[in-house]
Colleague: 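The following block contains the structure, expressed as C-alpha cells.
Each ligand, and each atom within it, is numbered from 1 in the order the structure gives. Just so you know, residue 1 is the first one in the sequence shown, and it goes up from there.
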Amino acid sequence: MSDWEVVVGLEVHVELATETKLFSHAPNRFGDEPNTNITPVCLGLPGSLPVLNRRAVELAMTIGIALGCEIQPSVFHRKNYFYPDMPKDYQVSQYDRPICADGALDLPNGTRIGIERAHLEEDAGKTTHIGGSDGRIHGAEEALVDYNRAGVPLLEVVSRPDIRSAEDARAYVEELRAILIATKASEARLEEGSMRVDANVSVRPVGSQELRTRCEIKNLNSLRSLQRAVTYEAERHINLYEAGEEPVQETRHWSEEGRTHTLRSKEEANDYRYFPEPDLVLLDPDAEWIQEIAAAMPELPAQLREKIVAKANVDMETAATVVSRGLAELVLEAISHGADPGRAITHAVQNLAIQGADKLNPKHFAELTDMESSGALTATQSKQILVEMVESELDPASIAQKHGFESMDSSELEELVDIAIAENPDAWEKFCGGEEKVQGVFVGAVMKASKGQADGKAVSTILRKRRD
Ligand code: MN
C-alpha cells in the first residue's frame with residue numbers, strides 16, 4: 001500500500017434548513033406523514049410554475065462564503081431522467097454556472113481541500129423498497145413513494161480531488177458538518193439523510209500527479225461507512241493494478257457487510273440532456289445582498305474551537321466535540337455569565353446531546369453550574385434539571401423547587417466538611433502536605449453524612465479553600 005497514494009474527491013448533498021421547498025410553499029419538514037407536504041409544483045403538474053425560495057439562496061450563499069467561494073451569477077437547468085420518485089422526470093439543478101465556485105475547506109490538521117463548486121438543486125422524493133433485503137430494490141415485492149422530499153432545497157458541495165486518505169475524507173465531512181451547524185444552514189444529519197456523501201476514489205503511484213480511473217461510491221450515510229468504503233475501494237484498485245488489471249469507471253454501492261459492488265457502469269451512464277429551465281430567470285445576487293450575508297456570518301468552527309480551548313482550558317478534541325454538537329456559543333456565553341467552565345463543558349460533552357439544547361438560556365445554564373458548585377444539587381439532580389431546562393425554559397432554581405430537591409445550602413455543606421476534617425486529623429495533615437488523593441476520605445465522609453446529597457466537586461472546593 002505504501003507505493004500507492006489514495007485520491008479522493010467528495011460530493012456532499014446538503015438539505016438546506018428552510019421553512020419551505022426550493023420552488024414551492026410546501027413545508028420542508030422531515031418525518032411528516034408521507035405525501036402530505038406537496039403542492040402541484042412539487043409534482044410538476046401541468047400549468048404549475050416554480051418560484052425561487054429567497055431563504056434557500058441566502059443559505060447557499062452563507063455556505064459558499066464560509067467556504068471561501070466566489071458567489072457568482074447562476075443559471076438553473078433541467079436535468080432530465082426518469083425515476084419514479086421524481087414525477088416531473090427532470091430535476092432542476094445548476095449545471096455549468098453554479099452559485100458558488102472556487103473555495104477551500106481547511107481540515108483541523110491544517111490540510112487545505114479545494115472546493116470546486118457548490119450548486120443549488122432540488123431533492124427527489126424517497127422510494128422505499130419492501131420485501132427485499134436491506135431496503136434494496138433487488139428482491140423487493142413492492143415500492144412505496146413519498147413525495148414530501150421532492151423539491152426540498154439542496155446544496156451540492158463538490159470538492160477537488162485533494163483528499164489523500166480515508167481519515168481526511170472523514171475529517172472533511174466532519175468539518176463541513178460543523179460549518180453547516182455553526183451557520184445553521186442545515187441540520188446536517190447523516191443518519192436522516194439531510195447530509196449525503198458520494199465519494200470519488202482512485203489511486204496512483206506515490207509521486208505521480210496523474211488522475212487515474214475513479215469509481216464513485218454513492219450515498220454513504222455515516223462517517224464510519226465513508227471511511228470504510230474509501231479504504232476498501234482504494235485497496236480494490238491497488239489489488240487490480242498489482243495484478244496487471246485496471247479498474248473500470250463506474251458507480252458503486254457500499255454495503256455494510258464491508259464491500260462495494262457495481263451499481264452502474266459508464267456505458268450505461270445517463271445522458272441528462274441538460275437545458276436551461278425556461279420557467280426561471282438568471283439568479284444574480286447583487287453585491288449589497290452578498291455583503292449582507294457575509295456581514296451576518298457567525299463565528300466558524302475553527303475560531304470557536306480556539307476560543308473554547310482558551311476560555312475553558314480543555315484540549316482541542318473536547319472543544320471539537322462541543323463545536324460539532326452546536327453548543328459552542330451556549331458554552332461561551334454561559335462562561336461569560338460566570339459559569340464554571342469545567343462543569344459547562346462536562347454538560348456539553350456528556351449530558352446535552354438532546355434536540356434543542358443549543359437554545360438553552362445561557363444565563364440559566366450558568367446558574368445551574370453555580371448551584372452545583374455550591375453543593376445545592378447532586379450530579380443526578382443537576383442532569384434532570386438540565387433536561388427540563390431545555391424542555392421548559394424555566395430557570396434551574398424553580399425546577400429544583402418544583403421537585404422539592406433538598407437543597408443542601410453551602411453553609412450546611414461547609415459544616416459537614418469541617419466535621420469530616422475534625423474526625424480525620426491524620427488525613428487532613430497529609431492533605432495539607434500536598435497529598436491530593438486523600439481527599440477521597442473527606443468526600444466519602446461527607447457523602448455518608450449527607451446521605452448522598454452532597455456534590456463531590458463542591459466538597460473538593462471547600463477542602464481546598466480550608467487548606468489554602
Ligand atoms: Mn446532485
Colleague: Parallel, tilted or perpendicular for His77 and Tyr274, by the 30°/60° rule?
Modeller: perpendicular
Colleague: Report the residue from Asp198, Val157, Val158, Leu226 that forms a side-chain contact (heavy atoms from CB on, under 4.5 Å) with Leu10.
Modeller: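 Of the listed residues Asp198, Val157, Val158, Leu226, the side-chain contact (heavy atoms from CB on, under 4.5 Å) partner of Leu10 is Leu226.
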Colleague: Any sub-3.5 Å donor-acceptor pair from Asn239's side-chain atoms to Glu235's backbone N or O?
Modeller: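 Yes, Asn239 side chain to Glu235 backbone: donor-acceptor pair under 3.5 Å.
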Colleague: Among the N/O/S atoms of Glu121, which is closest to the Mn ion (ligand 1)? Give the atom name.
Modeller: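 In Glu121, the N, O or S atom with the shortest distance to the Mn ion (ligand 1) is OE2.
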Colleague: Rounding to 10°, state the angle centred on the Mn ion (ligand 1) that links OE1 in Glu156 with NE2 in His13.
Modeller: 90°
Colleague: Can you label the angle between the His261 ring and the His253 ring as parallel, tilted or perpendicular, going by 30° and 60°?
Modeller: tilted
Colleague: Is it true that some N/O/S atom of Glu11, main chain or side chain, lies under 2.8 Å from the Mn ion (ligand 1)?
Modeller: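 Checking Glu11: none of its N, O or S atoms is under 2.8 Å.
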